Engineer: 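Have a look at the structure that comes next, please.
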Amino acid sequence: MSSDNQCLPHFRYSPSFAILTITTSIAVIGIVIGLSIPMVALRLNNYGISELYIGIISAAPALGMFLIAPVVQRIVYWCGKRQAMLIATVVSAISLLPLLSSLPLWLLFPLRLITGLASGVLICLGETWINELSPESRRGRILAIYTTVFTVSQLLGPSFIAYYGVEDKSPLLICTLLHVISVALFLIMDQKIGDRISATARESNFSIIQFVKVAPGICAGILFFAFFDGTILSMFPIYGMGMGHTEAIAAMMISAILAGDAIMQMPFGWLADHMNREKLYRICGVATLFASCMLPLLITHTYLIWVLLFVLGATAGAIYTIALVQIGQYFSGNDLIIANAAAAMLWGVGNLSGPLLAGVATSISPSGLPLLLIAIAALFLWFTRRKYSAQVAQEA
């Protein structure tokens, strides 16, 4: 009995418990993103708001991520990763509460911006810390678990909408209460490894701009998936309804994409630990481009569309997982924080531009969204060429 009591406090210091705590916080943020973005978009659509304005509001969380990324390193200097992530979790919960009532349109944008600021801190520091705590031989699988949990939590959002409807307050209440679990875990956790930045690491001259120059291939993957994620969550329901599907079916189509992402990340993570990661990166890019090309042809098909959406989510999600694995492979210490801050900025750019461009494209043509996905997938493939890889830059 005494032995068990001694083991329990020590669990607070273990890397496994830290990874569990960080992953739980990311799961909560995934639910926030997966629920709030399509819910707000569908509500505005029901009120007759234009697609362009819906795209602008949907892009606000991404703008918040973009704005917070350059100062995340300074935040870690001030209070460390654990305290920063704890505060961000509380802010995220508070930012959801006003959505329980009707809000004026002018208030929606700053409110969603605050949600994005909190999400940006959690995603950037969460990915950095998990990479620091993961051994190289198992990094692909650990990060695959992380991205799977993030995707499954995003998947719950549209599922809540399909079950409760866009006007019901229950999903938002559940989502807000889940933050309490994350806060409790951060209060229990006492992980010193990676929490603070050493004095010598602070003197590093590595910057976000240098990361983009050194690893354009990794940057392209993060930018692509952020664009894909923001576009799918915000505008895919509008596209699906425009193609003749009901609101519930359109929401479930997002779930099918996210299901492919969630279920297939562990197999892709295993592959990333057992084969050339850059080759796997390119294969996923080709498959995603092909699935995007097939989307306008199969969107009205009763059965095949669900298979296609599953494949699209699986390969697009794998691009992001492999990009994170490569960041951990090539960067460490302060450089790893900078690399993940750059990734968070790129995520913000992709999530910001995705809904905006998709809103414009959808207002121009019913097939505007899939054409946009085809273009961005082709652009990603261009940057998977060997000369853009981080390995080539490292060798040089």
Side-chain angles (χ1 to χ4, degrees), residues 30 34 38 140-141 143-159 162 220-237 239-240 243 245 249-272 274-275 277-325 350 354 358 367-382 384:
R141 280 160 285 182
L143 284 168
I145 293 171
Y146 165 86
T147 55
T148 297
V149 169
F150 183 57
T151 304
V152 169
S153 59
Q154 282 186 298
L155 186 151
L156 290 175
S159 300
I222 294 166
L223 189 61
F224 163 77
F225 185 73
F227 187 100
F228 176 87
D229 188 69
T231 300
I232 293 300
L233 286 175
S234 61
M235 299 307 295
F236 200 88
Y239 171 64
M243 292 293 102
H245 296 289
I249 293 296
M252 289 306 295
M253 283 181 167
I254 302 179
S255 296
I257 295 171
L258 296 177
D261 186 355
I263 293 170
M264 294 304 297
Q265 290 323 294
M266 277 303 292
F268 278 117
W270 184 88
L271 286 172
H274 291 86
M275 68 176 286
R277 288 166 180 167
E278 291 175 10
K279 183 178 180 181
L280 183 61
Y281 208 38
R282 285 190 291 272
I283 291 171
C284 290
V286 172
T288 303
L289 177 60
F290 176 76
S292 299
C293 291
M294 296 301 294
L295 185 58
L297 302 176
L298 298 179
I299 186 64
T300 56
H301 196 283
T302 308
Y303 302 111
L304 290 180
I305 183 58
W306 300 103
V307 177
L308 181 70
L309 294 176
F310 184 90
V311 171
L312 181 63
T315 55
I319 289 170
Y320 182 61
T321 297
I322 299 165
L324 292 182
V325 171
S367 298
L369 186 143
L371 292 174
L372 198 60
L373 291 180
I374 291 168
I376 196 70
L379 185 62
F380 163 70
L381 267 178
W382 176 263
T384 60

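Index from 1, following the sequence. All values reported here derive from a predicted model rather than from experimental measurement.
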Engineer: Could you give the distance from CG (Leu379) to CD1 (Ile374), rounded to the nearest 0.5 Å?
Structural biologist: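 With rounding to 0.5 Å, CG (Leu379) is 14.0 Å from CD1 (Ile374).
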Engineer: Residues two or more places apart in sequence or in another chain: which of them pass side chain to side chain donor-acceptor pair (under 3.5 Å) with Ser292?
Structural biologist: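 With sequence neighbours excluded, Ser292 shows a side chain to side chain donor-acceptor pair (under 3.5 Å) to no residue whatsoever.
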Engineer: If you take all heavy atoms of Gly30 and Ser153, which pair is closest and at what distance?
Structural biologist: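 So the two residues come closest at CA-OG, 3.3 Å.
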Engineer: Taking only distance into account, with no hydrogens and no angle test, what donor-acceptor pairs under 3.5 Å do side-chain atoms of residues 279-286 form with protein atoms, sequence neighbours excluded?
Structural biologist:
{"residue": "Tyr281", "atom": "OH", "partner": "Gly217", "partner atom": "O", "Å": "3.0"}
{"residue": "Tyr281", "atom": "OH", "partner": "Gly221", "partner atom": "N", "Å": "3.4"}
{"residue": "Arg282", "atom": "NH1", "partner": "Thr384", "partner atom": "O", "Å": "3.1"}

Engineer: Just wondering, do Leu309 and Leu295 contact through their side chains at under 4.5 Å, heavy atoms?
Structural biologist: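 Counting from C-beta outward, Leu295 and Leu309 do come under 4.5 Å.
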Engineer: Check for me whether the distance between the ring centres of Phe227 and Phe224 falls short of 6.0 Å.
Structural biologist: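 Ring-ring flag for Phe227/Phe224: false, centres at least 6.0 Å apart.
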Engineer: So, using side chain to side chain donor-acceptor pair (under 3.5 Å) as the criterion, who are the partners of Tyr146 when residues are at least two apart?
Structural biologist: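 Partners of Tyr146 by the side chain to side chain donor-acceptor pair (under 3.5 Å) criterion, ordered by chain and then number, come out as Glu127.
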Engineer: In chain order, what residues pass the side chain to side chain donor-acceptor pair (under 3.5 Å) check against Thr148, with sequence neighbours excluded?
Structural biologist: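 Here no residue qualifies.
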Engineer: Return the CG to CD1 distance between Leu308 and Ile257, rounded to the nearest 0.5 Å.
Structural biologist: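 The CG atom of Leu308 sits 8.5 Å away from the CD1 atom of Ile257.
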Engineer: Under a 4.5 Å cut-off applied to non-hydrogen side-chain atoms, are Met294 and Leu312 in contact?
Structural biologist: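 Met294 does not reach Leu312 side chain to side chain.
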Engineer: Considering only heavy atoms from C-beta outward, does the side chain of Phe225 approach that of Asp261 to under 4.5 Å?
Structural biologist: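 Touching, per the 4.5 Å side-chain cut-off.
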Engineer: Distance from Gln265 atom CD to Tyr320 atom OH, nearest 0.5 Å?
Structural biologist: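 The CD atom of Gln265 sits 11.0 Å away from the OH atom of Tyr320.
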Engineer: Only counting residues at least two apart or in another chain, list the ones meeting side chain to side chain donor-acceptor pair (under 3.5 Å) with Thr315.
Structural biologist: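 In terms of side chain to side chain donor-acceptor pair (under 3.5 Å), with neighbours along the sequence ignored, Thr315 is linked to Thr288.
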Engineer: Rounded to the nearest 0.5 Å, how far does CZ of Phe380 lie from CG of Leu289?
Structural biologist: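 Going from the CG atom of Leu289 to the CZ atom of Phe380 covers 11.0 Å.
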Engineer: Measure across Met252 and Trp306 and return the closest heavy-atom pair with its distance rounded to 0.1 Å.
Structural biologist: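 For Met252 versus Trp306, the nearest heavy atoms are O-CZ3, 3.7 Å.
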Engineer: Please report the closest heavy-atom contact between Ala358 and Leu372, naming both atoms and the distance.
Structural biologist: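 Result for this residue pair: N-CD2, 3.5 Å.
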Engineer: Kindly write out the residues that satisfy ring-ring contact (aromatic ring centres under 6.0 Å, His included) with Phe268, not counting sequence neighbours, or none if the list is empty.
Structural biologist: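 Phe268 satisfies ring-ring contact (aromatic ring centres under 6.0 Å, His included) with no residue once adjacent residues are dropped.
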Engineer: Before giving the answer on side-chain contact (heavy atoms from CB on, under 4.5 Å), spell out for Phe228 and Ile319 the whole-Å C-alpha distance, their side-chain angles and the decisive distance to 0.1 Å.
Structural biologist: CA-CA 11 Å; Phe228 176 87; Ile319 289 170; over 6 Å; no
Engineer: Can you name the closest pair of heavy atoms from Pro38 and Ile254 and give their distance?
Structural biologist: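 Smallest heavy-atom distance, with atoms named: CB-CD1, 4.4 Å.
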Engineer: Looking only at non-hydrogen atoms, find the nearest pair between Ile222 and Ala323 and report the distance.
Structural biologist: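 What the structure gives for the nearest pair is CG1-CB, 3.9 Å.
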Engineer: Could you measure the distance from the CG atom of Leu258 to the CD1 atom of Ile232? Nearest 0.5 Å is fine.
Structural biologist: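 If I round to the nearest 0.5 Å, the distance is 8.5 Å.
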Engineer: Are Phe290 and Val311 close enough that some pair of their side-chain heavy atoms sits under 4.5 Å apart?
Structural biologist: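 Phe290 vs Val311: side chains apart.
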Engineer: Enter the distance from Met266:CE to Thr321:OG1 here, rounded to the nearest 0.5 Å.
Structural biologist: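 One gets 10.5 Å once the value is rounded to the nearest 0.5 Å.
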